[in-house]
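Before any comments, here is the structure.
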Amino acid sequence: MSTLLSVENLSKHFTVKSGLFAPMRQLDALTDINLTVEAGETPAIVGESGCGKTTLGRCIINAQPSSAGRVVYHPKAGGDVELTALNKRQIKPWRQDIRMIFQDPMSSLNPNMRVFDIVAEPLRIHKVCKGRELEDRVVSTLAKVGIPADAVGRYPHAFSGGQRQRIGIARALVLDPKLVIADEAVSALDVSIQAQVLNLLEDLKAEFGLTYIFISHDLGVVNYIADRVVVMYLGHVVENAPTEMLFERPRHPYTEVLLEALPIADPTRRKGRKTEVRGEIPYLGNRPVGCPFHTRCKYAEDRCRTEKPALRKINGSARKRPATLPKHWI
Amino acid sequence: MARGFRCPSALAGVTLSLFFGIIIGGFSGYYGGWFDSAVMRVIEFIRSMPTIPLWLGLAAAMPKDWSALQTYFAITLILSLIGWTELARVVRGRFLSLRTEDFVTAAQLDGASDWRIITRHMVPSFMSHIIAAATLAVPGMILAETALSFLGLGLQAPIVSWGTLLQDAQNIRTLASAPRLLVPGLCVVIVILSLNFFGDGLRDAADPHGR
Ligand SMILES: Nc1ncnc2c1ncn2[C@@H]1O[C@H](COP(=O)(O)OP(=O)(O)O)[C@@H](O)[C@H]1O
Ligand code: SF4
Ligand SMILES: [Mg+2]
């Protein structure tokens, strides 16, 4: 396996203002994120709502600028492409390789464009093909996700949620990408549809030779599709381990509570339940010093209020993928 | 009576308003930042001024020796100087809310240029709003022009407008003996109501999905 993408010390701050004369506040949405994505694997990024999953996905794909750190893409041909250092024009060719699937299947499809044009848009922008060839490519990609050829002239509102999400997937795949970031790709769907779309994503992965970064707040879905789990809390990565290992033996107290809140690990039988942990998530602009989790951790001790546990790498899983785990003093 | 219909004046005013409104509002909403803040302050300033005294002042400042036609265009210009603010606000608001829509992000991630995003992805989805705002601005213009002319500060006879016609109806005794002098007022009401319905209809036609 070769490394496809590496995220190095990535941080993202937002400055927000609550009123005209209120002071600027800094929200640390991402703090010093490190992770690597191997070609062909499916890492999942999990955590409660507001922990920065979407922000991480958007910073990786450069939909918004990051504040510090680098995102480096390693294309097959060799050479490192530092995505975070590229301007709009320079990054355009790489937009063919790295694509995104959005959470909300309604708002991610332009209501004023026909499905054909929505899926054809990336091909037209990158001038990949035109005319007959473009038509064939769009129709065959839509067919692969289960949208029949006679429906391509309709507008998105004529489709169900699951079908719209399939159209979004077709738009992501029509450029034959290498890496697809799926941000809560099934969270907005009914449970029965979720399973179908997850299966579709699995099939397409094999067919197109894809690598997914799967973002979700739903550990059940993650268990189903991911082979590695990156747990985030308040903009920090707190644990990063192969799925089997993480579900068998969570190392971080936060992962532990996330798993405790999980009733059945079968996505086809679970409602799209949110992970719940006791206590309130602290406000980002007012983040606790020390370990970010200490306000809610049942093992918290004095030391946790001033120091943050470092992550360390261990080799543990059957497939010899390294895990990054917190070095704990408990 | 039909000659009293001053819609062209209002249309010219709305066209000017549309031009300023879309350019300034669009720029403001798409790029945001300090330019947006500055534009918004200017708009708030203009809109916080009481309009009737402002119009009266501007209209009174017009040279007396101007021809009727010159006055007419000057009035139109004055009306649109204020009218663009509302349209700019509408356009800016749409740009602001569309800018963060997933389908705009999707277009950005498709690699589309700003120009393509604005013209192909954003404008079509708020065309209906512009049409509605523009048709709804026409009645406002007609009303403003009627009010000014009625007060004797806008268009003056011999230019015929509903405002100047209604001037004759200022006197209660004249009114009592010739109620037909109120007919121009009725016309104003009818035209404005029709334009409002027309605006609603156009909006529905331009936006079949009723977003
Ligand atoms: N554009 C923005 N401006 C200010 N704060 C933001 C912005 N986008 C996200 N945030 C904040 O960053 C944090 C992480 O958000 P997000 O990445 O959407 O979380 P998640 O996807 O895990 O639910 C949240 O607290 C959110 O309020
Ligand atoms: S460092 Fe302390 S507070 Fe943080 S997770 Fe570990 S035990 Fe809990
Ligand atoms: Mg999110």
Side-chain angles (χ1 to χ4, degrees), chain A residues 17 20 54 57-58 60-64 86 88-114 117-128 154-158 164-165 167-169 171-172 174-175 177 180-181 183-184 188, chain B residues 26 30-45 47-48 91 93-132 202-211:
Chain A
K17 225 176 174 186
L20 185 56
T54 297
R58 291 173 56 96
I60 288 177
I61 205 168
N62 212 336
Q64 65 190 21
L86 301 182
K88 242 177 120 166
R89 194 178 45 79
Q90 293 165 324
I91 203 170
K92 189 175 164 184
W94 305 109
R95 294 228 175 277
Q96 296 190 49
D97 280 17
I98 307 177
R99 305 283 292 158
M100 187 143 178
I101 301 172
F102 294 83
Q103 168 168 12
D104 182 351
M106 194 67 244
S107 79
S108 61
L109 303 181
N110 190 336
N112 297 295
M113 281 169 84
R114 291 171 197 279
D117 291 315
I118 291 176
V119 178
E121 186 71 356
L123 294 173
R124 288 177 177 147
I125 289 169
H126 291 279
K127 302 194 170 63
V128 176
R154 301 204 195 127
Y155 288 94
H157 70 109
R164 281 183 224 139
Q165 199 57 307
I167 296 165
I169 293 171
R171 169 177 58 194
V174 74
L175 283 172
V180 175
I181 299 177
D183 186 359
E184 307 272 10
Chain B
Y30 190 74
Y31 291 101
W34 64 267
F35 179 79
D36 182 42
S37 308
V39 168
M40 287 322 283
R41 294 300 92 75
V42 170
I43 289 180
E44 277 158 23
F45 177 71
R47 296 189 65 81
S48 66
V91 171
R94 291 303 298 166
F95 264 106
L96 266 186
S97 67
L98 280 177
R99 201 173 56 151
T100 55
E101 286 268 348
D102 280 350
F103 72 79
V104 172
T105 308
Q108 279 160 358
L109 295 181
D110 285 348
S113 60
D114 281 355
W115 176 251
R116 192 178 178 102
I117 291 172
I118 291 175
T119 55
R120 238 176 106 81
H121 296 264
M122 292 170 89
V123 172
S125 64
F126 72 84
M127 213 51 228
S128 54
H129 288 257
I130 292 191
I131 291 170
L202 273 183
R203 181 177 45 201
D204 292 347
D207 189 11
H209 328 310
R211 267 168 45 85

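Each chain gets a letter, A, B and so on, in the order its sequence line appears, and its residues count up from 1. Keep in mind it's a predicted model, so treat the numbers as computed, not measured.
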Based on non-hydrogen pairs under 4.5 Å, which of [options] is most in contact with chain B?
options: A:Leu109, A:Leu123, A:Asn62; result: A:Leu109
options: A:Lys88, A:Arg89, A:Gln103, A:Gln64; result: A:Lys88
options: A:Ala172, A:Pro122, A:Gly168, A:Ala158; result: A:Pro122

**Message:** So, using side-chain hydrogen bond (donor to acceptor under 3.5 Å, both in side chains) as the criterion, who are the partners of A:Thr54 when residues are at least two apart?
**Reply:** A:Asp183

**Request:** Can you tell which part of A:Ile61 gets under 4.5 Å to a heavy atom of chain B, answering side chain, backbone, both or neither?
**Result:** both

**Request:** For chain A, find which of B:Val104, B:Asp102, B:Thr105 contributes the most heavy-atom pairs closer than 4.5 angstrom.
**Result:** B:Asp102

**Message:** Looking at A:Phe102, is its backbone amide N or carbonyl O close enough to the side chain of A:Gln165 to form a donor-acceptor pair, meaning the two atoms are under 3.5 Å apart?
**Reply:** yes

**Prompt:** Is there a donor-acceptor pair under 3.5 Å between the side chain of A:Arg171 and the backbone N or O of A:Ile118?
**Reply:** no

**Request:** Just jot down the salt bridge (charged side-chain N to carboxylate O under 4.0 Å, His left out) partners of A:Arg154, sequence neighbours excluded, or say none.
**Result:** none

**Prompt:** So B:Tyr30 and B:Leu98, side chain to side chain contact (heavy atoms under 4.5 Å, CB included) or not? Walk me through it.
**Reply:** CA-CA 9 Å; B:Tyr30 190 74; B:Leu98 280 177; over 6 Å; no

**Item:** Exercise: identify the closest heavy-atom pair between A:Pro156 and A:Asn110
**Value:** CG-O, 3.5 Å

**Pairing residues for A:Arg124 by the side-chain contact (heavy atoms from CB on, under 4.5 Å) criterion, not counting sequence neighbours** = A:Phe116, A:Asp117, A:Ala120, A:Leu134, B:Arg116, B:Arg120

**Request:** Pull out the residues in residues 93-101 of chain A that come under 4.5 Å of chain B, heavy atom to heavy atom, sorted by number.
**Result:** A:Arg95, A:Arg99, A:Met100

**Message:** Using the rule given for side chain to side chain contact (heavy atoms under 4.5 Å, CB included), can you reason through A:Met113 versus A:Tyr155, listing the C-alpha separation, both sets of side-chain angles and the distance that settles it, and then say yes or no?
**Reply:** CA-CA 6 Å; A:Met113 281 169 84; A:Tyr155 288 94; 5.7 Å; no

